[in-house]
**Student:** 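So that we are looking at the same thing, I have put the structure below in structure tokens.
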Amino acid sequence: DPFYLETALWTTVKLSVVSTALALIIGYVLAYYIAELPPDRRGFLTSMVVVSLSVNIVIRIFGLNVLLMSGGLVDSALTFLGMPKVRIMYTELGVLIGLVQIAVPYVVLPLIGVIAAIDPALKEAAASVGANKYRTFWAVTFPLSLPGVVAGTLIAFTLNAAAFAIPALMGGGRVRMMGMMAYEQATVQGNFPFAAAVGISLTILSIVITAIYLFAINRTFRTARKAA
């Protein structure tokens with residue numbers, strides 16, 4: 001049915017991909033900062049990232065609701081600064097913020113170890129031939145950290161694609177993702193065959209997108225090796 005393709009399926013793909021990309025940007029910056037710290041300070045901040053995962057996802061979403069709701073901290077701050085109000089809760093923007101917030105720790109944790117394991121001598125060698133920090137990052141650090149990037153983004157994407165609590169609580173039933181649709185069909189409509197079909201479709205969708213992503217990464221690696 002085109003209705004489900006244009007709403008649930010497209011919304012799921014769009015929000016999952018965008019939230020994963022944003023989580024990668026935020027998570028990479030945080031992981032890079034932590035990895036560059038001395039080991040004693042690095043361990044403390046890494047433990048803080050792990051502790052954030054111990055808080056139940058529903059509790060974290062309720063916390064976001066308080067911050068982003070009309071009259072909440074964010075809304076009050078915008079009003080105080082004289083900026084126009086932006087409706088966040090029960091919109092795709094609110095769901096996107098929730099997905100990013102949940103996904104960032106899963107991106108940070110694989111990246112910390114990978115970035116910290118990069119030999120500093122490689123960066124020094126790049127600097128010795130005239131490469132600045134920007135070029136050293138793109139020529140040395142980022143390529144060597146790609147295994148962590150791939151691992152983190154795959155975890156974040158699969159979690160976000162199957163999200164139920166976030167679109168239900170932060171989307172208010174207006175942002176329809178496939179996980180939420182399967183729940184509604186099974187519990188509200190009592191249509192278990194359709195709910196099963198949605199679940200299978202979501203599984204196949206995740207597998208296809210993951211396969212395309214890995215194929216693109218491997219092809220990029222092969223091209224880079226041939227060019228070298």
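Residues: numbered from 1 along the sequence shown.
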**Student:** Would a distance-only check, ignoring hydrogens and angles, find a side-chain to backbone donor-acceptor pair under 3.5 Å from Thr12 to Met178?
**Tutor:** yes
**Student:** Roughly how far, to the nearest 0.5 Å, is the CD atom of Gln101 from the CE atom of Met170?
**Tutor:** 8.5 Å
**Student:** Counting only heavy atoms not in Phe194 (residues, nucleotides, ligands), do more than 12 fall under 6.0 Å from its CZ?
**Tutor:** yes
**Student:** Nearest heavy-atom pair of Ala127 and Thr136: which atoms, and what distance?
**Tutor:** N-OG1, 4.5 Å
**Student:** For the residue pair Leu64 and Gly98, what are the closest heavy atoms and their distance?
**Tutor:** CD1-CA, 3.9 Å
**Student:** Look up atom OG in Ser19 and atom CG in Leu99, then write down how far apart they are to the nearest 0.5 Å.
**Tutor:** 4.5 Å
**Student:** Which heavy atom of Val140 sits nearest to which heavy atom of Ala126, and what is that distance?
**Tutor:** CG2-CB, 4.1 Å
**Student:** Do the side-chain N and O atoms of Tyr32 and Thr141 include a donor-acceptor pair separated by under 3.5 angstrom?
**Tutor:** no
**Student:** Apply the side-chain contact (heavy atoms from CB on, under 4.5 Å) test between Val108 and each candidate in Leu45, Ile26, Val49; give the one that qualifies.
**Tutor:** Val49
**Student:** Between Glu92 and Arg174, is there a side-chain N and carboxylate O pair less than 4.0 Å apart?
**Tutor:** no
**Student:** I'd like to know if Leu15 and Leu93 are part of one continuous hydrophobic network [Ile/Leu/Val/Met/Phe/Trp/Tyr, side-chain heavy atoms within less than 4.5 Å].
**Tutor:** yes
**Student:** Output yes when Lys123 and Glu36 qualify as a salt bridge under the 4.0 Å nitrogen-oxygen rule, no when they do not.
**Tutor:** yes
**Student:** Would the distance check show the side chain of Ser76 and the main-chain N or O of Leu73 forming a donor-acceptor pair, the cut-off being under 3.5 Å?
**Tutor:** no
**Student:** Taking Ser54 for the side chain and Val51 for the main chain, is one N or O donor matched with an acceptor at less than 3.5 Å?
**Tutor:** yes
**Student:** Just do the side-chain contact (heavy atoms from CB on, under 4.5 Å) check on Val100 and Ile97 with the steps written out, would you?
**Tutor:** CA-CA 5 Å; Val100 172; Ile97 293 174; 5.9 Å; no
**Student:** side-chain contact (heavy atoms from CB on, under 4.5 Å) for Thr20 and Leu24? Distances and angles first, verdict last.
**Tutor:** CA-CA 6 Å; Thr20 301; Leu24 174 61; 5.6 Å; no
**Student:** Are Phe142 and Tyr28 an aromatic pair, judged by ring center distance below 6.0 Å?
**Tutor:** yes
**Student:** When rounded to the nearest 0.5 angstrom, what distance separates CD1 in Ile209 from CG in Leu154?
**Tutor:** 11.5 Å
**Student:** Search all heavy atoms of Gly27 against all heavy atoms of Val104 and return the closest pair with its distance.
**Tutor:** CA-CG1, 4.3 Å
**Student:** Kindly check if the number of other-residue, nucleotide or ligand heavy atoms within 6.0 Å of OH (Tyr213) is above 12?
**Tutor:** yes
**Student:** Tell me whether Ile118 shares a hydrophobic cluster with Tyr33, the cluster being built from Ile, Leu, Val, Met, Phe, Trp, Tyr side chains joined at under 4.5 Å.
**Tutor:** no
**Student:** Kindly say whether Ala8 contributes a backbone atom to a donor-acceptor pair with the side chain of Arg176 at under 3.5 angstrom?
**Tutor:** no
**Student:** Any chance you could lay out the side-chain contact (heavy atoms from CB on, under 4.5 Å) test for Thr91 and Val175, step after step, and finish with the verdict?
**Tutor:** CA-CA 6 Å; Thr91 65; Val175 182; 5.5 Å; no
**Student:** Write down the atom of Ala116, the atom of Arg42, and the distance for their closest heavy-atom approach.
**Tutor:** CB-NH1, 3.8 Å
**Student:** According to a hydrophobic-cluster definition based on side-chain heavy atoms being under 4.5 Å apart (Ile, Leu, Val, Met, Phe, Trp, Tyr only), do Ile88 and Val95 belong together?
**Tutor:** yes
**Student:** Test of understanding: clusters of I, L, V, M, F, W, Y form through side-chain heavy atoms closer than 4.5 Å, transitively. Do Leu144 and Ile217 belong to the same one?
**Tutor:** no
**Student:** OH/Tyr106 to OG/Ser52 distance, rounded to the nearest 0.5 angstrom?
**Tutor:** 8.5 Å
**Student:** Any side-chain heavy-atom pair from Ser16 and Met177 closer than 4.5 angstrom?
**Tutor:** yes
**Student:** Mind checking whether Ile102 and Leu159 have side chains closer than 4.5 Å, heavy atoms only?
**Tutor:** no
**Student:** Can you tell me how far OG1 of Thr46 sits from CD1 of Ile112, rounded to the nearest 0.5 angstrom?
**Tutor:** 3.5 Å
**Student:** Evaluate the criterion side-chain contact (heavy atoms from CB on, under 4.5 Å) for residue pair Leu109 and Leu53; output intermediate values, then yes/no.
**Tutor:** CA-CA 11 Å; Leu109 290 177; Leu53 296 176; 3.7 Å; yes
**Student:** Do Ile25 and Ile115 belong to the same hydrophobic cluster, where Ile, Leu, Val, Met, Phe, Trp and Tyr are linked whenever their side-chain heavy atoms lie under 4.5 Å apart, directly or via other members?
**Tutor:** no
**Student:** Mind listing the closest non-hydrogen atom pair of Ala195 and Ala182 along with its distance?
**Tutor:** CB-O, 3.4 Å
**Student:** Report the distance from atom CG of Leu9 to atom CG of Leu205, rounding to the nearest 0.5 Å.
**Tutor:** 5.5 Å
